[in-house]
K.L.:
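Submitted below is the structure of interest, expressed as structure tokens.
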Amino acid sequence: SSLFVYPTKIIIKTCGTTKLLKSIQPLILLAQNLNLTLSACRYTRGSFIFPKSQPFPHTSFEEEVVVLEEAIPLSLRHRKASVLPSHEPSRAWHVFTASVDFDSNSCVVVEVCMTELDRFLSRSFFGRNGKVMTRESGIDLINANAIVCDFAFDPCGYSMNSIDGDRYSTIHVTPEEGFSYASFECVASVYEDIGEVLKRAIDVFQPGTVSIATTYGGEEYNDEVMTKRVESVLGKKLGLKCRSSCVEVFPGSGTVVYQSFTSCRK
Amino acid sequence: VDVSGFEGFEKRLELRFFRNQDPLENSMGLRLIDFESLEKVLQTVQCTVVSAIANKSFDAYVLSE
């Protein structure tokens, strides 16, 4: 799990059975003490592998939305909750957004979820220290300019944050057979080739299934061109076939493109 | 409760704020929140900080779970 604190932005990403939405009101209060007022809220997640193990309100997206709606002030008037479908019902993408006004942000946030990780490559994430896992898995080569802060869990599992100027990326790995999972998230620019970065990150795990949610604001990002480019790179270089793709606009909060892939060997 | 392993799929929350005062004042913004207060928030979420790094732009924490 990861926490990123910028001067006017906080991102928390947690896995397991954590109660993430409980952080909203304390964070709003802490910000108020610094004369900062909430202007936008975004909550996203994939479909849980073990949904019945989640605590309230993460028991359903509907209940999460009720809690989100109650936790944020009415001034965040542009609100929308939506479930973006995939070719498999169990791989949907859940998005809630709320904002005071349209926030034209040229940054692109890419969230990647991977399952059915390659068994051999997953072994790198057992019984070693974080630095060794970073190096031997090839994670250090995804962005050679970034500074990596890594952590190995006992007896297995791995998390890392990397920082490169004002941009972060983060990877979390659950390597156990049967419910193996890895995520990659990064902030990209509309002007760079996201496909190549994704190729390097996904190649570390060679997963059987991949989903990619790309969120962007502003008008510089051409989602049709970028979607095709990502499909092309992942298809040609990693043997991943795009099974479904959808685009949805979230008023005041930008646009989300959600693509699902499976390995051609499946 | 179903038979389960560790839930890898994350929940992600992003909160953005605006300044109520002169932007030149308090340019560190949320980065001024003390570590103890952050830890208290994380306790309610049921995780803790296990590692941290920072640069001039932002702070990054690796959390348990």
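What you see below is based on every heavy atom in this structure, not just the backbone, and it leaves out hydrogens, waters and symmetry mates.
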K.L.:
Report which part of Gln25(A) has an atom under 4.5 Å of a heavy atom belonging to chain B: side chain, backbone, both, or neither.
P.N.:
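For Gln25(A), there is no contact with chain B at all, as no heavy atom is under 4.5 Å.
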K.L.:
Heavy-atom distance under 4.5 Å to chain B: side chain of Ile72(A), backbone, both or neither?
P.N.:
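No part of it gets close to chain B.
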K.L.:
Would Tyr6(A) and Phe58(B) count as a close aromatic pair, with their ring centres under 6.0 Å?
P.N.:
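Close enough - the centres of the two rings lie under 6.0 Å apart.
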K.L.:
Looking only at heavy atoms, what is the nearest atom pair of Glu111(A) and Thr44(A), with distance?
P.N.:
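What the structure gives for the nearest pair is OE1-OG1, 2.9 Å.
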K.L.:
Against chain B, label Ser1(A) side chain, backbone, both or neither, depending on which of its atoms sit under 4.5 Å from a heavy atom there.
P.N.:
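Both parts, backbone and side chain.
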K.L.:
Hey, which of Lys11(B), Arg31(B), Gln46(B) has the most heavy atom pairs under 4.5 Å with chain A?
P.N.:
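Winner by heavy-atom pair count: Lys11(B).
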K.L.:
Sort His94(A) into side chain, backbone, both or neither according to what part of it lies under 4.5 angstrom from a heavy atom of chain B.
P.N.:
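Neither part; nothing is under 4.5 Å.
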K.L.:
Taking Cys15(A)'s backbone N and O only, do any of them form a donor-acceptor pair with Thr18(A)'s side chain (distance below 3.5 Å, no angle check)?
P.N.:
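Side chain of Thr18(A) to backbone of Cys15(A), a donor-acceptor pair under 3.5 Å: yes, one is there.
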K.L.:
Under 4.5 Å heavy-atom distance to chain B, tell me which part of Val109(A) shows up: side chain, backbone, both or neither.
P.N.:
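Side chain of Val109(A) only, per the 4.5 Å heavy-atom cut-off to chain B.
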K.L.:
Any idea which of Met160(A), Arg45(A), Glu185(A), Arg42(A) has the most non-hydrogen atom pairs under 4.5 angstrom with chain B?
P.N.:
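Heavy-atom pair counts peak at Arg42(A).
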K.L.:
Looking at Ser39(A) and Arg16(B), would you say the former's side chain and the latter's main chain have a donor-acceptor pair under 3.5 Å?
P.N.:
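Judged by distance alone, yes, a pair lies under 3.5 Å.
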K.L.:
Do Phe205(A) and Val173(A) come within less than 4.5 Å of each other through their side chains, counting heavy atoms only?
P.N.:
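Yes, their side chains come closer than 4.5 Å.
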K.L.:
Looking at Thr8(A), Leu21(A), Thr37(A), Thr14(A), which has the largest count of heavy-atom pairs under 4.5 Å with chain B?
P.N.:
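Most heavy-atom pairs under 4.5 Å with chain B: Thr37(A).
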K.L.:
Please enumerate all residues that pass ring pair (Phe, Tyr, Trp, His ring centres under 6.0 Å) together with Phe48(A), with sequence neighbours excluded.
P.N.:
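With sequence neighbours excluded, Phe48(A) shows a ring pair (Phe, Tyr, Trp, His ring centres under 6.0 Å) to no residue whatsoever.
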K.L.:
Please determine, among Val62(B), Leu63(B), Leu38(B), the option with the most heavy-atom pairs under 4.5 Å with chain A.
P.N.:
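Of Val62(B), Leu63(B), Leu38(B), Leu63(B) has the most heavy-atom pairs under 4.5 Å with chain A.
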K.L.:
So which part of Thr97(A) gets closer than 4.5 Å to some heavy atom of chain B, the side chain, the backbone, both or neither?
P.N.:
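The answer is neither part of Thr97(A).
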K.L.:
With chain A, which of Ser57(B), Cys47(B), Ser51(B), Ser37(B) has the greatest number of heavy-atom pairs at distances under 4.5 Å?
P.N.:
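The residue among Ser57(B), Cys47(B), Ser51(B), Ser37(B) with the greatest pair count is Ser57(B).
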K.L.:
Among His58(A), Lys22(A), Glu64(A), Glu176(A), single out the residue with the greatest number of heavy-atom pairs under 4.5 Å to chain B.
P.N.:
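Answer, by heavy-atom pair count under 4.5 Å with chain B: His58(A).
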K.L.:
Is Phe151(A) close to chain B through its backbone or its side chain, or both, or neither, when contacts mean heavy atoms under 4.5 Å?
P.N.:
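The answer is the side chain of Phe151(A).
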K.L.:
With Tyr61(B), which residues qualify under ring pair (Phe, Tyr, Trp, His ring centres under 6.0 Å), at least two apart?
P.N.:
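If we apply the ring pair (Phe, Tyr, Trp, His ring centres under 6.0 Å) test to Tyr61(B), skipping adjacent residues, there are no hits.
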K.L.:
I'd like to know if the side chain of Glu88(A) and the backbone of Ser90(A) have a donor-acceptor N/O pair within less than 3.5 Å.
P.N.:
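It does not hold such a pair.
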K.L.:
Can you tell me which portion of Tyr168(A) sits under 4.5 Å from chain B's heavy atoms? Options are side chain, backbone, both or neither.
P.N.:
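Tyr168(A) touches chain B through backbone and side-chain heavy atoms alike.
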K.L.:
With a 3.5 Å distance limit and no angle check, can you tell me whether Arg167(A) reaches the backbone of Cys107(A) through a side-chain donor-acceptor pair?
P.N.:
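Not confirmed, Arg167(A) side chain does not pair with Cys107(A) backbone.
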K.L.:
What residue, out of Gly46(A), Ser183(A), Gly165(A), has the most heavy-atom pairs lying under 4.5 Å from chain B?
P.N.:
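Top count of heavy-atom pairs under 4.5 Å with chain B: Gly165(A).
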K.L.:
Is Asp150(A) in contact with chain B via its backbone, its side chain, both, or neither, using a 4.5 Å heavy-atom distance?
P.N.:
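Just its backbone gets close to chain B.
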K.L.:
Side chains of Arg91(A) and Ser260(A), heavy atoms from C-beta outward: is any pair under 4.5 Å?
P.N.:
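With C-beta onward as the side chain, the pair touches.
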K.L.:
Please identify, among Phe179(A), Phe153(A), Phe96(A), Phe4(A), the residue contributing the most non-hydrogen atom pairs under 4.5 Å to chain B.
P.N.:
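Greatest number of close heavy-atom pairs with chain B: Phe179(A).
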K.L.:
Assess whether a salt bridge exists between Asp166(A) and Lys56(B), defined as any Lys/Arg side-chain N lying under 4.0 Å from an Asp/Glu carboxylate O.
P.N.:
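Salt bridge: no.
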